[in-house]
Enquirer: 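Before I ask anything, let me first share the structure, which is written out below as structure tokens.
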Amino acid sequence: MKTIFAGSLHPLGIHRVLEPIGAMPQAAWKLNAEPICAENEILCDVEVLNIDSASFTQMRDVCENDPARIGEHIAATVRQRGKQHNAVTGSGGMFIGRVAEVGSRLRDRLALQVGDRIASLVSLTLTPLRIDAVERVDVATGRVWIRGQAVLFETGLWAQLPADIDENVALAVLDVAGAPAQTQRLCKPGQTVVVIGAAGKSGLLTCAHAKARVGAAGRVIGIAHDASTSGAQLLRDAQLVDALVSADARDALAVAQAVETLAPQLADVTINCVNVPGTELSSILCTKDEGIVYFFSMATSFTAAALGAEGVGRDVTMIVGNGYCKNHAQIALQTLRDHPQLRAYFESKYATPV
Ligand code: NAP
């Protein structure tokens, strides 16, 4: 096959980087999104993008909730950068698509056929993407139906869509799969866990896993912006939390005070699942000395977290929310199978419209 790439094909996709030369694809400003399948790539016809929540919230605000403007904003970013990489939040999302071609070097190695439907498990911030048309933007869920093509690199992660779960539900869950899997790892029996942004997608899955891990001797406290939403209602009805607090996570003192009232020793583990900036200090203040703060939120500022903890003299271990964790896709999808009420909620919100 004729190659359009100047250097040799690299498993990490470096051959797709246009600007600046030498950068890794995620850090690069611009990728070559030419929809040609190199020998070590997978080319996909993309159907739906699930835009990262922090990114979608930022674009929704700038575009004043107008789906047409949001669609044009996304198309412009992709034209300019060859990937859906929000320059303000730095985050992306993932896609569902159909395999159009598997590069010759990968054909024998991967259990993947042309026509298979897959979800990408690597960020859109490093995925070469071309959009031919934006067909629909769902402002409520951050999903964007497009016609276009994307490339997965040799090392890129992907998952076959499960046969028993609606694909748009799967997309919503897989986007945040790192959170429930990391929660399983971090939480221990008997602990107190605080989940900030508990009523969102990752928050709900996180609460389900935290509750199972801490057991009867432990405690899960959810912080939700608005305790009257359907997500908050689900947290109570399905007993995914032991207590639910309605608070603005940007108000560090209010959050810390509420947590201290419920758990005077504070949290062993705090998991931040919000989609807005300015919540680092509330996460730190509600965590006990030598506890763990897991920042899953993409709106987290390293500077605010590091200097904030120093400023209040709190010796906490702070973990960056790696989107990947071994078996994260299976763990996240299994959560829905194990929790019928949670599954019904995700289906009511995210299932494919008929
Ligand atoms: P989501 O479904 O939109 O949920 C976000 C939640 O945060 C909502 O329940 C929202 O409540 C709540 N929230 C917003 N502002 C708040 C405030 N001031 N106080 C308290 N709660 C507030 O988002 P998601 O898909 O679960 O994603 C959560 C975060 O994870 C985002 O930042 C996203 O970018 C990030 N993420 C990280 C990774 C990773 O690899 N680390 C991967 C995917 C996503 P209301 O709607 O009621 O305001």
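One-based numbering, in listed order, for ligands and for the atoms of each.
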Enquirer: Counting both backbone and side chain atoms, is some N or O of Gly203 under 3.5 Å from an N or O of ligand 1?
Expert: no
Enquirer: Examine Ala224 against ligand 1 and note whether any of their N/O atoms are separated by less than 3.5 Å.
Expert: no
Enquirer: Numbering the atoms of ligand 1 from 1, which are under 4.0 Å from a heavy atom of Asp175?
Expert: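 Once the distances to Asp175 are compared, the set is 42 (C), 43 (C).
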Enquirer: Can you list the ligand 1 atoms lying under 4.0 Å from a non-hydrogen atom of Cys273?
Expert: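 Heavy-atom distances to Cys273 below 4.0 Å select 5 (C), 6 (C), 7 (O), 28 (C), 29 (C).
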Enquirer: Is any NZ, NE, NH1 or NH2 atom of the basic residue among Arg147 and Asp45 found under 4.0 Å from an Asp or Glu carboxylate oxygen of the other?
Expert: no
Enquirer: State, with a plain yes or no, whether a side-chain heavy atom of Cys44 is found less than 4.5 Å away from one of Ile118.
Expert: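 A side-chain contact exists here, since the closest heavy-atom pair is under 4.5 Å.
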Enquirer: Do Glu154 and Asn40 meet the criterion of a side-chain donor-acceptor pair at a distance under 3.5 Å?
Expert: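 Yes.
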Enquirer: Report the C-alpha separation of His209 and Thr335 in whole Å, then their side-chain angles, then the decisive distance to 0.1 Å, and conclude whether the side chain to side chain contact (heavy atoms under 4.5 Å, CB included) test is met.
Expert: CA-CA 8 Å; His209 281 272; Thr335 321; 2.8 Å; yes
Enquirer: Applying a 4.0 Å heavy-atom criterion (strictly less than), which segment of Ala247 is in contact with ligand 1: side chain, backbone, both, or neither?
Expert: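 The part of Ala247 near ligand 1 is the backbone, not the side chain.
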Enquirer: State the atoms of ligand 1, each with its element, that fall below the 4.0 Å cut-off from a heavy-atom position in Arg250.
Expert: 18 (N)
Enquirer: Is it true that Arg107 and Glu39 make a salt bridge, defined as a side-chain N closer than 4.0 Å to a carboxylate O?
Expert: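 No salt bridge links Arg107 with Glu39.
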Enquirer: Check ligand 1 against Ser202 and write out every atom of the ligand that is under 4.0 Å from a heavy-atom position of the residue.
Expert: 24 (P), 26 (O), 27 (O), 28 (C)
Enquirer: Consider every N or O of Gly200 and every N or O of ligand 1, then say whether any pair is closer than 3.5 Å.
Expert: yes
Enquirer: Please state whether Gly178 comes within less than 4.0 angstrom of ligand 1, counting heavy atoms only.
Expert: no
Enquirer: With a cut-off of 4.0 Å, which atoms of ligand 1 are near a heavy atom of Asp52?
Expert: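 Those of ligand 1 that fall under 4.0 Å from Asp52 are 33 (C), 34 (O), 35 (C), 36 (N), 43 (C), 44 (C).
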Enquirer: Anything under 30° is parallel, anything over 60° is perpendicular, the rest tilted; go ahead and classify Tyr324 against His328.
Expert: perpendicular
Enquirer: Quick test of your reading of the model: are Asp138 and Arg143 salt-bridged, counting only N-O distances below 4.0 Å?
Expert: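 Salt bridge between Asp138 and Arg143, a charged N being under 4.0 Å from a carboxylate O: yes.
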Enquirer: Met298 versus ligand 1: do any nitrogen or oxygen atoms come within less than 3.5 Å of each other?
Expert: yes
Enquirer: Any N or O of Thr229 that comes nearer than 3.5 Å to an N or O of ligand 1?
Expert: no
Enquirer: Run the side chain to side chain contact (heavy atoms under 4.5 Å, CB included) check on Val48 and Ile146 step by step: do they pass?
Expert: CA-CA 6 Å; Val48 192; Ile146 66 158; over 6 Å; no
Enquirer: Judging by distance only, is a nitrogen or oxygen of Ser53 under 3.5 angstrom from one on ligand 1?
Expert: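 Min N/O separation from ligand 1 is below 3.5 Å for Ser53.
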Enquirer: Can you check atom 46 (O) of ligand 1: any protein non-hydrogen atom closer than 4.0 Å?
Expert: no
Enquirer: For ligand 1 and Gly321, I'd like to know whether there is a polar contact (N/O to N/O, distance under 3.5 Å).
Expert: yes
Enquirer: Is there a polar contact, in the sense of an N or O pair closer than 3.5 Å, between Asn275 and ligand 1?
Expert: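 Indeed, backbone or side chain, Asn275 has an N or O that close.
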Enquirer: Does a donor on one side chain sit under 3.5 Å from an acceptor on the other, for Thr125 and Gln26?
Expert: yes
Enquirer: Quick check on the hydrophobic clustering: are Met318 and Val312 connected, directly or via other members, by side-chain heavy-atom contacts under 4.5 Å?
Expert: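 Yes, Met318 connects to Val312 through the hydrophobic network.
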Enquirer: Can you confirm whether Gln334 sits close enough to Pro162 that some side-chain heavy atom of one is under 4.5 Å from a side-chain heavy atom of the other?
Expert: no
Enquirer: Flag Val276 as yes when one of its N or O atoms lies below 3.5 Å from any N or O atom of ligand 1, and as no otherwise.
Expert: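 No; every N/O pair is 3.5 Å or more apart.
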Enquirer: Of the choices Tyr324, Phe295, Tyr350, Phe296, which has the non-hydrogen atom that lies closest to atom 42 (C) of ligand 1?
Expert: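 Closest candidate by heavy-atom distance is Phe296.
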Enquirer: Would Asp248 count as being in polar contact with ligand 1, using the rule that some N or O on each side must be under 3.5 angstrom apart?
Expert: yes
Enquirer: Does the side chain of Ile131 come within less than 4.5 Å of Gln149's, by heavy atoms?
Expert: no
